[in-house]
Number of protein chains: 2
Amino acid sequence: MQGNTAMLRTTEIFSISKDVSVRCTNCNLRELCLPESLSPDEVLRLNGLVSARRRLKKGEALQRAGEPFKSLYAVRSGSFKTCIATEDGRDQVTGFKMSGEIIGLDGIGTNTHIIDVVALEDSEVCAIPFTRFEEASREMAGLQKQFHRIMSREIVGEQGVMVLLGSMRAEERVATFLLNLSRRFRARGYSPTEFNLRMTREEIGSYLGLKLETVSRVMSRFHELELIQIKQKHVLILDPQRLKDIASSATSSV
Amino acid sequence: MQGNTAMLRTTEIFSISKDVSVRCTNCNLRELCLPESLSPDEVLRLNGLVSARRRLKKGEALQRAGEPFKSLYAVRSGSFKTCIATEDGRDQVTGFKMSGEIIGLDGIGTNTHIIDVVALEDSEVCAIPFTRFEEASREMAGLQKQFHRIMSREIVGEQGVMVLLGSMRAEERVATFLLNLSRRFRARGYSPTEFNLRMTREEIGSYLGLKLETVSRVMSRFHELELIQIKQKHVLILDPQRLKDIASSATSSV
DNA sequence: CGAGGGTCTTGACGCAGGTCAATGGAGGGG
DNA sequence: CCCCTCCATTGACCTGCGTCAAGACCCTCG
């Protein structure tokens, strides 16, 4: 990190986090996360809000439905699935969260978490106590604006999933899913054409409203058609364009 | 309809009323809308933000995808459907908005509306310019909190729809839909057991990820089973409990 | 290095809901 | 008041995906 920071930060009376090696200021996710489009001043202040970082091992829950809502979390590394469990024992994956993305927005409305969030691999998050965050965003127009943007995008993103679940056929769903992952990997500086899935076929299926066998079959078909190569969790996208065509192919015979 | 409309007609688009006879302060929707849980002071100030009320006739669009985002709208009377149109010509209903509910949150993220909002009947909304709203919510903690709650609930509500679309069978979807309407009518002081649908079978189907014929068939079956009475748009709920059982019946044989 | 459990693939078959088509109502406009 | 258009209902048939089942692969742990 940046060499001599020793004399800085004395003002942070509340810097609970022992490990200060990662700060919003020099975090390489700042363009994807809350700091996006904040002024340097604001980023500094935001950094002060991060109460602690927390490590989770694969399979561990970051939050559980029913728990009181205290903090938002920004994914620092790794990835998560968000699940909703209905009374009748159904359990559905409603999303996957990657680095830079914000978790916990579900708790704001009722002060209680509604969804479960589980690490798909060993992961790390930054915790942001919400009460203090709200205070700060009253004083920083930029932070307020950015937070509103993030919530709005969450709403829009979910509407996209609703369209997927409501009107796409299995192949379109899977193609859309792969392209979505691809785009997000690219945004994080990883290869958009070669990556490892962090989730199982069952989790993908749950998210896409399909059974795991269908997900597997569709992927095999894409493989045969030489749109992708897939071996277990390893994905290589060979023909993004045809994949896009499939993803947005009106069923039209017209 | 409204008596002599000859001179009004000319500027249909500008049927914005300066009429301020309805104020948040005495609006009977205040418990369902933004003023919920605000102090009288805050409500007064919020009222000052409402730039105008706007009347829409059945079928008229409140906003269209692609238009610049300027204002949030609170539904004052009537109801709306929110639709998303995909490039490939698909068009899906993503929600229905009733009085007291907030429209326009989709535009915040990109300053451009993503969804179409169309009146299902003659309706009226209060327009709230967003820039001024953001300013005000920086100065009023209560308003800020309430706004965050509303966005969070929107997110949670959409997750519920995702579960519906992702894992429910047709009968469960329709039962869930009817109970949802019932609850919202009750919250507004109307009968929870007898009401008129404002949307067509096709719109319901689009929202529920079903075809209109399926919606019709399921409703007819519910009628035969004496769970409801339904004649065209008129609904009478006879057995809410059994409807609930259907809505949350795990497919489980286990 | 081998055993075992979780994950993935693939096949055969069935059914919920889609598709197509015909008919009947309801309501608004002239 | 009547017509016309939109909406809803119902039946018959079809198909995409779910279900069930059998193996194969992979990774971990002893």
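Atoms considered below: every heavy atom in the structure, side chains included; atoms not considered: hydrogens, waters and symmetry mates. Owing to the predicted nature of the structure, the values given are computational and were not obtained by experimental measurement.
- A salt bridge does not link B/Lys81 to B/Glu202: none of the charged nitrogens lies less than 4.0 Å from a carboxylate oxygen.
- Atom CD1 in A/Ile228 sits about 14 Å away from atom C1' in C/dC8, given to the nearest Å.
- Going from atom CZ of B/Arg169 over to atom P of D/dT19 covers 10 Å, rounded to whole Å.
- The residue from B/Val161, B/Leu208, B/Leu164 that alone fulfils the side chain to side chain contact (heavy atoms under 4.5 Å, CB included) condition with B/Phe177 is B/Leu208.
- The aromatic ring centroids of A/Tyr207 and A/Phe96 lie less than 6.0 Å from each other.
- Overall, the helix from C/dC1-D/dG30 to C/dG30-D/dC1 carries an axis bend of 50° between its ends, with five pairs at each end and the value rounded to 10°.
- Atom-to-atom, NZ of B/Lys58 to C1' of D/dT5 comes out at 13 Å; the value is rounded to the nearest Å.
- Between the P atom of D/dG18 and the CD atom of A/Glu171 lies a distance of 13 Å, rounded to the nearest Å.
- No more than 12 heavy atoms of other residues, nucleotides or ligands lie within 6.0 Å of OH in B/Tyr190, so this atom counts as exposed by the packing criterion.
- Within residues 204-219 of chain B, the residues approached by DNA chain D to less than 4.0 Å at the level of any non-hydrogen atom are B/Leu212, B/Glu213, B/Ser216, B/Arg217, in residue-number order.
- In this structure, B/Arg90 contributes its side chain and A/Ser167 its backbone to a donor-acceptor pair below 3.5 Å.
- Between B/Glu101 and the options B/Arg153, B/Arg76, B/Arg188, a salt bridge (charged side-chain N to carboxylate O under 4.0 Å, His left out) holds for only B/Arg188.
- Side-chain N or O atoms of B/Thr193 include none that pairs as donor or acceptor with a backbone N or O of B/Ser191 at under 3.5 Å.
- Distance B/Ile230 CD1 to C/dG25 P: 17 Å, rounded to the nearest Å.
- Residues B/Met199 and A/Ala170 both approach DNA chain D. Their nearest nucleotides, taken by heavy-atom distance, put B/Met199 toward the 5′ side.
- Straight-line distance from the CZ atom of A/Arg198 to the P atom of C/dC8: 14 Å, rounded to whole Å.
- The distance from atom CE of B/Met168 to atom C1' of D/dG18 is 18 Å, rounded to the nearest whole Å.
- Regarding B/Phe222, its CZ atom lies at a distance of 13 Å from the P atom of D/dT9, rounded to whole Å.
- Atom CE of B/Met168 sits about 8.5 Å away from atom CZ of B/Arg173, to the nearest 0.5 Å.
- Taking CG of B/Asn196 as the reference point, atom CG of B/Leu181 lies at 11.5 Å (rounded to 0.5 Å).
- Taking CD of B/Glu172 as the start and OG of B/Ser249 as the end, the distance is 4.0 Å to the nearest 0.5 Å.
- Looking at A/Asp116 and A/Arg64, a side-chain N of the basic residue comes within less than 4.0 Å of a carboxylate O on the acidic one, giving a salt bridge.
- Side-chain N/O atoms of B/Arg201 include none lying less than 4.0 angstrom from OP1 or OP2 on D/dC7.
- Within residues 231-240 of chain B, the residues approached by DNA chain D to less than 4.0 Å at the level of any non-hydrogen atom are B/Gln232, B/Lys233, in residue-number order.
- B/Ser220 has a side-chain polar atom (N or O) that falls below the 4.0 Å cut-off from OP1 or OP2 of D/dT10.
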